[in-house]
Amino acid sequence: MRHWSILFAMAAVGAVGAFVYAYFSPDWWLPNPPGDFHHSVSRFGREIDKLFFIILAITGAVFVGTQVVLVWAMHRFADETDSQGNPVRKADYFHGSQRLEVIWTIIPAGILVFIALYQMGTWAEIKYRSAAPKVPPLAEVTARQFQWVIRYPGPDAKLNTVDDLVVVDDLHFTRDRMALIYLRSSDVLHSFFLPQLRVKQDAVPGLTIPVWFDADRAGDYELVCAELCGWGHYKMRGKVYVHETEEQLRQWIDEKLAEQNRSRLTMTTAPNGR
Amino acid sequence: MVSRFRPARRLGLIGLLFASAGCSDWLSYDPGSLRYIEAEAMTRDLGPKPNLHGKPKLQAKVRETMARLYGPDPQFIRVPKGAPLMLGGRYLASHLREGDGQNARDRRIYEGDSFQDPKLRPQSGGYTVYRRNCLHCHGVTGAGDGPTAAFFFPRPRDFRRGIFKFTSTPTGARPHRDDLRRTIVKGLDGTSMPAFEPILSPSEIEQVVDYVIFLSLRGETELALIEEASISEEGDNDALGEDIVQEIVSGVFTRWKSAQAQVVNPAVARTEPTRESILRGRDLFLASDCKDCHGRLAKGDGASFVETKISDEIIFGGDPSKMADRVAALPEKVQALWKQKLDEWGNPLRPANLNRGKETTYKGGRRPIDIYWRIAKGINGAQMPGHYPSPFDDRKMWDIVNFVLALPYEPELLTEAPVAPTAGAPAVADARPR
């Protein structure tokens, strides 16, 4: 049955083809701006993507190599029968090869050590608290079943005071500026995930975790929960908007504050609501 | 040639390839058509409450009238003329049936038909949006009895009586459309009602607002028909005549329509939240009946409710369907108090904790106008009464709103409060539950 090797060869070609196709399709590629889908908008995104491609290159080369060997072996050693229906070749049985086993243990171990060392800088930059940017916090984000409660400092620029702006599922920050948030959870585990910015951080009850990120393009992005947190997990989405300038962000906060301070039906314009 | 592989296995492998290639739509679960659930009063003996227990002919008449007015099931919706819905109810569905009998034809509704949207997107319809996002808590009929409902506190709203808690209309009135929209868009903080702004498009939100109103109208009409029929004799052939039905339906519609013009707007502008105003509000809080429910420190532990520790144990202390057993195990006096402190729907109530620091939540919204509405006209269906124009006049209303908004950041307003000037010493000393 030599034909089986063709089926497996097709599967391997299909798998490689999917990656080749993905490179040209915004729907299959990584979550990036649709118009320029090879550009990752955040600094961490570009670093993480670089690591991703290194791993893809390693696993891709190994995949292609092993598939070639597999298909070749299936083709070369397919069962053949003579005119009486007896096997032509005799099977060889052997207990094992220590040399082979050592080789295929040491090579992957070496690759793993390389990846572990190579990614350390990126991990430290994104996750180590000592690397947190020395900027005033943009907001405090509290995850709860099933929404993101986002608290921005009010006119006094201090968090957790009476003039704070409190909104739900609406994260705004400014382009080309590191944004720092404090992440909390008021009930169960959630995970703060900005797919386009390649930021993902669990929100853990009882902890306040600093998270920082940036974007080099203004526009709309997504915030989702990436930790199954209950029946309404799929409803836990938020909008992310990156403003062009700090003034625009300030203006948005002022508009929201005016609404939060609304005390009568007629719309007021002053941020203090009167 | 001899093969070691049987043909059946090869076919199986091919099937697996197809399934993994994404042709799995035909495998998806189809629950079939949904059906409305009847009001309890239709068949059960509810004692003094109006019901049609043991009156099958009248029951059939109510069922027939309901199907004629609102459609037989959620898949086929009818809307009586004059309903307070957008474009006569066109937001409710995805298709519009034109003509009758043999000539009946279903036409797809596009959002552009009703929204001047040039892209002409097919409209999902309120029923579809509701089925996908709301039904699992609020139930097919809007009775607050979806499969996930039992696990929530507070319980999801039962729309069938037209009573909604967080409204801007006068005490007891139907809600304004904006109130329902606000609840859907922003969610209800501190409850299981999430914000739908990031999930639904603006037009989907309008569609689902209409569907909630539709379920309310339907539920209210059903209850009114049962009440009307319950005073008739079983053999009365004239019961629920066309005139009576018309009167009931237009009564239901009028209550909704009139509420749309009655939004309460504070008569005077908000007083600046100065120290004086906040302190005046504090004194009002201590001198009036606020502390009886909300507690001397506004922590939601006032003496006129069952102690927080006990109510926690009853509400959260085990299987929600066995709450009645836990209540039955309470001392008789506590049980009696518990039964007084239920809302219109028979669910346990708790006064809000207004003093939780920055974690303080305001279910009905944190804007001054929201707090004003809650205090001025109370919370429908709950035991928060209206306080305007008495005991609080225009100025006092804003003082107390300013105090409520300041308290979470300045708990010393209450912990260091002197004995309230008008309340006298015993009131303050008695306020802590023992």
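Computed from heavy atoms alone, side chains included, the values below leave out hydrogens, waters and symmetry copies. Residue numbers begin at 1 in each chain, while the letters A, B, ... track the order of the sequences.
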Engaged part of B:V264 at the chain A interface, taking heavy atoms whose separation is under 4.5 Å: backbone

B:E359, part contacting chain A, at a heavy-atom distance under 4.5 Å: side chain

Intermediate values then yes/no, side-chain contact (heavy atoms from CB on, under 4.5 Å), B:F285 and B:V404: CA-CA 9 Å; B:F285 179 88; B:V404 167; 5.7 Å; no

Verdict with supporting geometry, B:H136 and B:N133, side-chain hydrogen bond (donor to acceptor under 3.5 Å, both in side chains): CA-CA 7 Å; B:H136 63 90; B:N133 297 284; over 6 Å; no

Check: A:N32/A:R198 side-chain N/O donor and acceptor closer than 3.5 Å: yes

Top contributor to chain B contacts, counting heavy-atom pairs under 4.5 Å, from A:D169, A:L223, A:V149: A:D169

A:S83, part contacting chain B, at a heavy-atom distance under 4.5 Å: neither

Any donor-acceptor pair under 3.5 Å from B:T360 side chain to B:R356 backbone: yes

Close contacts, residues 181-191 of chain B versus chain A, judged by heavy atoms under 4.5 Å: B:K186, B:L188, B:D189, B:G190, B:T191

Pair A:N160, B:K358: side-chain N/O donor-acceptor within cut-off below 3.5 Å: yes

Stepwise ring-ring contact (aromatic ring centres under 6.0 Å, His included) check, B:Y372 with B:W398: CA-CA 7 Å; B:Y372 181 99; B:W398 284 124; 4.8 Å; yes

Shortest non-hydrogen separation from B:L180 to B:P175 and the atoms involved: CD2-CG, 3.9 Å

A:Q84, part contacting chain B, at a heavy-atom distance under 4.5 Å: neither

Contact class of B:L405 relative to chain A, heavy atoms under 4.5 angstrom: backbone

Closest approach of A:M236 to A:A143 (non-hydrogen atoms, all atoms of both residues): CE-CB, 3.8 Å

Which atoms of B:F196 approach chain A - backbone, side chain, both or neither, heavy atom under 4.5 Å: side chain

Closest non-hydrogen atom pair between B:P368 and A:R262, with its separation: CD-O, 3.3 Å

Test side-chain hydrogen bond (donor to acceptor under 3.5 Å, both in side chains) applied to B:Y409 - qualifying residues, sequence neighbours left out: A:R151

Residue selection (most heavy-atom pairs with chain B, distance under 4.5 Å) from A:W231, A:Y234, A:F146: A:W231

Toward chain B, the part of A:Q147 with a non-hydrogen atom under 4.5 Å: side chain

